[in-house]
Amino acid sequence: MEIFTPDGRRHQREVPPAAVRLPLSSWLEGEHLPLNTRCGERGLCRGCLVRVDGRMLRACQAEAGAFETVSIPDASFRDNRLNGVSSFEIGTHRYALRTRPGIGLALDIGTTTVAGALWNLADGTCLAHASAANEQRRFGDNVLSRIDHAVGLGGASPALQSALVKDTLEPLIHTLCAAASIDPARITEAVAAGNTVMLHGFAGARLSGFAAYPFRPEFLGRRTLRSRDLGFTPDFPVFLGASPGPFVGADITLGALASGILEEDAPALLVDFGTNGEILLKTGDGYLATATAAGPAFEGGRLNCGAIAGKGVISSMALRGGEWKVTLAGELSGRITGISGAAYVDFIAEALRAGILNRMGRFDTDHPAVERAEVDGEMQRCVKVCGPLFVSEADVAELIQAKAAIAAGVMTLLELAETRPGELRTVYIAGGFGYHLNCAHAMAVGMLPDVPAERLHVIGNASLGGASLVLQSDAGSAADTLCGNCRVVELNQIDCFEDHFIDCMPLERIS
Amino acid sequence: MSTIEDLKTAVINGRRKDVKTLVPELLESGIEPSALLSQALIPAMGVVGERFKNNEIFVPEMLVSARAMKEAMNVLEPKLLEAGIRPEHTALIGTVEGDLHDIGKNLVATMWKGAGFDVIDLGVNVPAARFIEAIEEHKPHIVGLSALLTTTMPAMRDTVAAIREAGHTSVKLLVGGAPITQSYANEIGADGYSRDAASAVDAAKEALGV
């Protein structure tokens, strides 16, 4: 087969007889030409569209042996150089440091990206930190598709565990150790944060308990594993952080430790923007936590030009004198391939300010920037950003639903705590998406409630920061206390959630 | 003075607060509840559905309109019942067992009400036995099953099978939800499928042959 990749290269590969019936996307994966199989090869998304004989088809629904020539468009090619975040801040805390000889590894296992930091435990110095794409993405871009995959195999998936341990974490550990000039065999212990589904997949536990309500995860409390049992070559203990609930994970508990929210006066809010939005509200008498399904829009899913922030992807944009000024993630070279979720938020805020867009997400048809163009065979109102990239009204509608899900999650917790947004003393924004987000824009479009800038803190990968803190101090027990003191809210079971969701639809400030 | 047309416009534009004052005001002026339903609400939701299908509006605006419609129905439904007015067709709707998502299902319920159906909403996480019980109680013409998770699609399949096995072979079963496709609907033996809330009305009418 002749395969053309977006960089203009031509690859000649033989499809062996045993592979002719394989889905084209699976075979390409094995040939190191991975596609964006966002839905986990179920034919539900458009992530793996390839061009064959002048028409586009889903590679996951086609057989590898059926074609002579296939060309992979930009949007379908899975680029592994993601713009993950391994930077973090650790707020003031009152944990006793435990200095001792050894090299510690802190890990944050996210659905889309993983991040790690290597620490000298003797003096508490960070030797290296880095992030990488979670190779489990080939089973789908969200936790649900991973759960579905595992359930199909009876509950636990060795392939899922191996994609994480062998294909993701081992290379990451080698990168970290190389940067710090340390032999991986010298690692003495590790602490891992992550959402509950990722930690289950990491431990090789069954994911069946996440498939349907009532949710019954195999474990929530902290536990200690041996790296050898997980499939790593060097052997050391691996501590998994405690999670408050089935879909509210150790990433938010350990993130809370790093943020400093535990020491802060109530009411205070921590929003961890990842592939899922997790929200923790500190109230006068405890904590409320929830996870809100913003959907894949902020990772670029379901958007015409959407992409996960990575090389060649627009990471921010601004409207200046009628022109879109864009900033690219990674190096400033080569092609511009897509628009990141954070840049879409910039677009909406700027278009709203300029009157191109109204509060219900409709473009002003009299505005010179608005044109009608054919998208997927249907005429839609669009605004061109640069090159072939554009934003359509359908894209804006997807983003409105995503931002409303987050805002409604926050507003529901605030209502349960009988607190008004203006009363929030501190708001922490954590997570990879949050790190790249322009918070002023997020407030202008009503994704976050309005708070004065001085109360807002962008703290980066708090989950990795928290894992690092647990590694070096006695903070681990504080995470357990937090879990015990935390009411986990399932938004779908709260009556006011739907009302908040609809109230948060308009693109306007929330106060 | 406000008119029926004002109410229709308020629902189309999703102005819930206006709807809240308009409905009692129009009723006070002597207009029959059934006239408000047939001349304002049903045509309004027809316009909303049509605009959605033509890509003129998207889900956010439809949700806002549907909530305005719901506001009006909260006042009208008891009055219609009092007047002994019963819609011609009855629909049951619910999200299948294990699934707690209801925003899409609620939207379909409102669109069906907007098409003049009597809609009984069983809520979320509805076991097959509960569907069967409600079918026997309400004798609906159509039953809508919703699933938003790929992991709860098997529960949808099981529910369809259980309803048929219980001997309810003539009731029309319609399925929908983000991961559901026409081919899945065919595979599990549903009578109809709709990809979104606006076409759920067409799917229901088609299944009923009206």
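Letters A, B, ... mirror the listed sequences (proteins, then strands); counts begin at 1. Below, all heavy atoms of this structure are taken into account, side chains as well, without hydrogens, waters or symmetry copies.
Between the Arg67(B) side chain and the Ile502(A) main chain, no donor and acceptor come within less than 3.5 Å of each other.
If you take CG on Asn55(B) and OG on Ser392(A), they are separated by 8.5 Å, rounding to the nearest 0.5 Å. Distance check: Leu149(B) CG to Phe210(A) CZ gives 13.5 Å after rounding to the nearest 0.5 Å. In this structure, CD on Glu498(A) lies 5.5 Å from CG on Asp102(B), to the nearest 0.5 angstrom.
With contacts defined as side-chain heavy-atom distances shorter than 4.5 Å, the pair Val396(A)/Phe58(B) does not qualify. Put simply, the side chain of Asp99(B) does not reach to within 4.5 Å of the side chain of Tyr213(A), judged on heavy atoms. For the pair Val124(B) and Asn492(A), the minimum side-chain heavy-atom distance is 4.5 Å or more.
Legend: residues meeting side-chain contact (heavy atoms from CB on, under 4.5 Å) with Asn358(A), ordered by chain and number and at least two apart, are Met360(A), Arg362(A). Residues satisfying the salt bridge (charged side-chain N to carboxylate O under 4.0 Å, His left out) criterion with Asp148(A), sequence neighbours excluded, are Arg42(A).
Under a cut-off of 6.0 angstrom, the local environment of CD in Glu490(A) is crowded, with over 12 non-hydrogen atoms contributed by other residues, nucleotides or ligands. No more than 12 heavy atoms of other residues, nucleotides or ligands shown are found within 6.0 angstrom of CG on Asp495(A).
Taking Leu63(B), Thr152(B), Asn54(B) one by one and counting their heavy-atom pairs under 4.5 Å with chain A, the maximum is reached by Leu63(B). In terms of heavy-atom pairs under 4.5 angstrom with chain A, the leader among Pro154(B), Gly123(B), Gly98(B) is Gly98(B). Interface summary for chain B: among Gln380(A), Glu393(A), Arg381(A), Gln493(A), the most heavy-atom pairs under 4.5 angstrom belong to Glu393(A).
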Exercise. Under the side chain to side chain contact (heavy atoms under 4.5 Å, CB included) criterion, do His149(A) and Thr150(B) qualify, and how do the steps go?
Worked result: CA-CA 10 Å; His149(A) 158 81; Thr150(B) 43; over 6 Å; no

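Counting only residues at least two apart or on different chains, the salt bridge (Lys or Arg N to Asp or Glu O under 4.0 Å) pairs with a member in residues 175-204 of chain B are Lys53(B)-Asp202(B), Arg157(B)-Glu187(B), Arg164(B)-Asp191(B).
Against chain B, the residues from residues 398-413 of chain A that qualify, each with a non-hydrogen atom under 4.5 angstrom away, are Ile400(A), Gln401(A) in number order.
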